[in-house]
Peer 1: 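First, the structure itself, so that you have it in front of you.
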Amino acid sequence: MPLPDIAITHVPFPTEAADALILAIPATDDPAVSDELRSALDAIGFTGKKGSFARAYAPGFTSLPLAVVGLGPDHDLNTIREQVGAAARQLTGFETVAIDAVTTVDGAWRAIAEGAILGAYQFDALKSTPEDELARSRRARHVLVHAPESVTDDDLGTARAHGAAVALVKDLVSTPADRQSPEQLADGAVELVSDLPIQATVWDEQALADGGFGGILGVGIGSDRPPRLVRLDYAPEGAERHVALVGKGITFDTGGLSLKPAASMVGMQEDMTGAAEVLAVVRAAAQLALPVRVTAWMCIADNMPSGRATRPGDVLTMVDGTTVEVTNTDAEGRLVLADGLVAASRENPDVVVDVATLTGAMVVALGTRHTGIMGHGDAPDAFLRSSDRTGEAAWALPLMDYMSDQLDSRVADMQNANVGNRAAGSIYAGLFLQRFVGRIGNDPEADRIPWVHLDIAGSGMSTTSPYGFTDKGPTGASTRALIDFVAAGGEVV
């Protein structure tokens with residue numbers, strides 16, 4: 001988790017305490033831009049247009065290497081975070097970088113810190129690049145954020161926790177499946193929370209069988225690497241709200257006997273992103289000492305073909321007794337999540353969230369930067385507000401009642417996929433999951449626990465090119481919004 005150290009400085013910018021500088025600018029004609037700097041920027045045609053980035057030689061302004069990034073005149077905190085992160089991602093070869101912004105936006109220093117810590121992350125654990133070459137391509141290890149006198153290093157707690165959570169998700173998702181079995185991911189999760197007030201419980205394959213977790217077992221039965229269920233419980237004294245998080249953790253997804261095409265199988269170690277996110281969020285909640293109980297459920301399995309694997313047409317019994325006909329073994333995420341949602345609901349939390357790289361249909365619907373959300377109660381609205389506050393793109397989709405009949409199976413209570421019907425596949429999956437969200441109290445007619453489903457199949461991975469503070473590869477999308485959601489107790493604030 002190669003994150004930079006972040007510190008606050010009150011020394012006027014530009015400072016000589018760094019090896020290089022980053023300055024975010026709304027426009028070169030801004031009165032706060034000095035004549036010396038303006039002249040240097042005009043010479044290279046830099047105007048401050050949003051998203052522009054350049055290295056500048058400005059001896060009248062500073063003797064240090066200088067990078068400038070454009071904010072545009074109508075910028076906000078999200079713009080500052082995104083563009084400072086883009087600059088931190090692109091500026092390499094300097095150990096210590098000082099960052100400031102020409103802006104009147106209140107709290108800009110916080111967005112600068114968040115952007116810097118997100119943009120400076122790199123995953124290079126498996127590269128054999130010589131150290132001298134690596135140093136030239138390495139991003140800043142130390143960042144100085146210019147801030148008002150009233151701001152101290154103690155105020156960076158949220159930025160650090162958000163950055164560490166996103167980095168953890170990216171580290172885990174970038175780890176190849178040959179180095180991350182269900183058992184290894186489960187053991188690693190326990191180790192990662194061992195120094196925090198989090199109680200960890202792991203179900204191995206025998207415990208899963210004894211507990212009746214037919215969804216997780218049915219998905220993992222074809223693999224030589226047996227499945228796991230991990231429960232991580234952060235329960236601070238006096239907590240008045242309880243948020244349950246359920247994450248899909250398919251450590252590799254071949255599609256099972258409904259085998260994926262070769263090109264679609266590349267990168268399928270990322271199918272455990274949901275489990276990585278709920279781990280990162282409960283860990284951040286404990287690090288920040290949030291006064292909210294958070295329970296994370298990691299539903300972990302390999303989806304592999306073999307003589308033991310679940311076949312299309314087989315019927316699995318979920319942990320609540322619901323029988324599910326498996327019509328498509330590549331619709332496995334909803335099967336493991338079903339068990340997780342039932343287990344989470346049994347503890348009567350105030351709100352339940354599930355996170356999953358669930359459906360390719362979500363990429364068709366929303367592209368690769370928006371997280372698709374569904375749910376009921378106030379939970380979807382609460383999550384959308386957290387998304388707005390953290391600058392994480394999300395969009396709500398409906399759960400149409402008229403589609404519910406499509407879940408019916410001839411031989412079981414439900415079927416997991418409507419094979420051959422391409423209409424609203426993401427919503428079909430959401431309707432499937434909704435049936436496993438528990439009721440408030442013991443009345444079978446009571447309303448279901450407030451619930452939000454996050455489909456990050458598109459937003460969880462950038463497959464084309466870097467953007468903002470995000471590299472090509474895993475994005476950690478929705479992690480920061482989930483931390484904010486948890487901090488609000490899952491309520492609309």
Side-chain angles (χ1 to χ4, degrees), residues 123-127 169-182 185 218-225 227 247-277 300-307 309-312 326-337 355-372 393 416-429 454-467 470-478:
F123 183 83
D124 55 15
L126 301 179
K127 291 185 177 292
V169 172
K170 291 180 177 181
D171 281 356
L172 292 173
V173 177
S174 296
T175 302
D178 67 323
R179 299 161 190 252
Q180 189 160 253
S181 67
L185 179 55
V219 172
I221 195 171
S223 176
D224 291 337
R225 309 190 304 178
K248 173 187 174 184
I250 305 301
T251 46
F252 195 80
D253 182 19
T254 66
L257 290 179
S258 303
L259 197 66
K260 294 178 183 289
S264 298
M265 214 180 295
V266 175
M268 278 297 103
Q269 81 281 351
E270 72 182 69
D271 219 16
M272 40 63 66
T273 304
E277 289 202 6
I300 311 172
D302 261 350
N303 188 23
M304 299 290 288
S306 74
T310 295
R311 296 163 290 262
V326 180
T327 54
N328 182 357
T329 65
D330 196 22
E332 84 298 331
R334 63 201 70 177
L335 297 173
V336 300
L337 288 174
V355 194
T357 47
L358 203 63
T359 63
M362 188 58 69
V363 183
V364 177
L366 295 181
T368 58
R369 297 196 187 179
H370 278 75
T371 293
N416 77 322
N418 195 5
V419 177
N421 188 338
R422 298 179 61 193
S426 296
I427 293 169
Y428 183 97
L454 308 182
D455 191 334
I456 57 172
S459 61
M461 181 70 65
S462 174
T463 59
T464 52
S465 59
Y467 60 93
T470 302
D471 281 305
K472 182 178 179 180
T475 65
S478 79

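Index from 1, following the sequence.
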Peer 1: Roughly how far, to the nearest 0.5 Å, is the OH atom of Y467 from the NZ atom of K472?
Peer 2: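 Rounded to the nearest 0.5 Å, the NZ-OH separation comes out at 13.5 Å.
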Peer 1: Examine the side chains of S478 and E277 and answer whether a donor and an acceptor come within less than 3.5 Å of each other.
Peer 2: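 Side-chain D/A pair, S478 to E277: present.
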Peer 1: Please give me the minimum heavy-atom distance between V173 and A276, naming the atom from each residue.
Peer 2: CG2-CB, 4.5 Å
Peer 1: Could you check if a side-chain atom of M461 sits within less than 4.5 angstrom of a side-chain atom of T273, using non-hydrogen atoms only?
Peer 2: no
Peer 1: Testing the basics here: between P182 and P227, what is the closest heavy-atom pair and its distance to 0.1 Å?
Peer 2: CB-CA, 4.1 Å
Peer 1: To the nearest 0.5 Å, how far apart are CG in N418 and CG in N328?
Peer 2: 11.0 Å
Peer 1: Compare every heavy atom of T357 with every heavy atom of K248, then report the nearest pair and how far apart it is.
Peer 2: NZ-O, 2.7 Å
Peer 1: So, for A417 and A331, which heavy atoms are closest and what is the spacing to 0.1 Å?
Peer 2: CB-CB, 4.1 Å
Peer 1: Please find the pair of heavy atoms, one from T175 and one from D171, that lie closest to each other, and give the distance.
Peer 2: OG1-O, 2.8 Å
Peer 1: D330 and G255: which non-hydrogen atoms are nearest, and at how many Å?
Peer 2: OD1-CA, 3.2 Å
Peer 1: Mind checking the NZ-CG spacing from K260 to D253? Nearest 0.5 Å is all I need.
Peer 2: 4.0 Å
Peer 1: Testing the 3.5 Å rule here: is there a donor-acceptor pair between the side chains of D302 and T251?
Peer 2: yes
Peer 1: How long is the straight-line distance from OG1 of T475 back to NZ of K170, given to the nearest 0.5 Å?
Peer 2: 7.0 Å
Peer 1: Is there a donor-acceptor pair closer than 3.5 Å between any side-chain N or O of Q180 and the backbone N or O of L172?
Peer 2: yes
Peer 1: Using the side-chain contact (heavy atoms from CB on, under 4.5 Å) definition, which of the options L454, L337, I456, D271 pairs with L358?
Peer 2: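 Considering L454, L337, I456, D271, a side-chain contact (heavy atoms from CB on, under 4.5 Å) with L358 is found only for L337.
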Peer 1: Would you compute the distance between atom CZ of R225 and atom CG of D178 and round it to the nearest 0.5 angstrom?
Peer 2: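 R225 atom CZ to D178 atom CG measures 8.0 Å (nearest 0.5 Å).
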Peer 1: CE/M265 to CG/L259 distance, rounded to the nearest 0.5 angstrom?
Peer 2: 4.0 Å
Peer 1: Under 3.5 Å, is there a donor-acceptor pair between the side chain of N416 and the main chain of T327?
Peer 2: yes
Peer 1: Are side-chain heavy atoms of T359 and R334 found at a separation under 4.5 Å?
Peer 2: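 A side-chain contact exists here, since the closest heavy-atom pair is under 4.5 Å.
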Peer 1: Under 3.5 Å, is there a donor on one side chain and an acceptor on the other for S223 and N303?
Peer 2: no
Peer 1: Go through it in stages, so that I can follow the logic: the residues are T310 and L257, the test is side chain to side chain contact (heavy atoms under 4.5 Å, CB included), and I'd like the CA-CA distance, side-chain angles, deciding distance and then a yes or no.
Peer 2: CA-CA 7 Å; T310 295; L257 290 179; over 6 Å; no
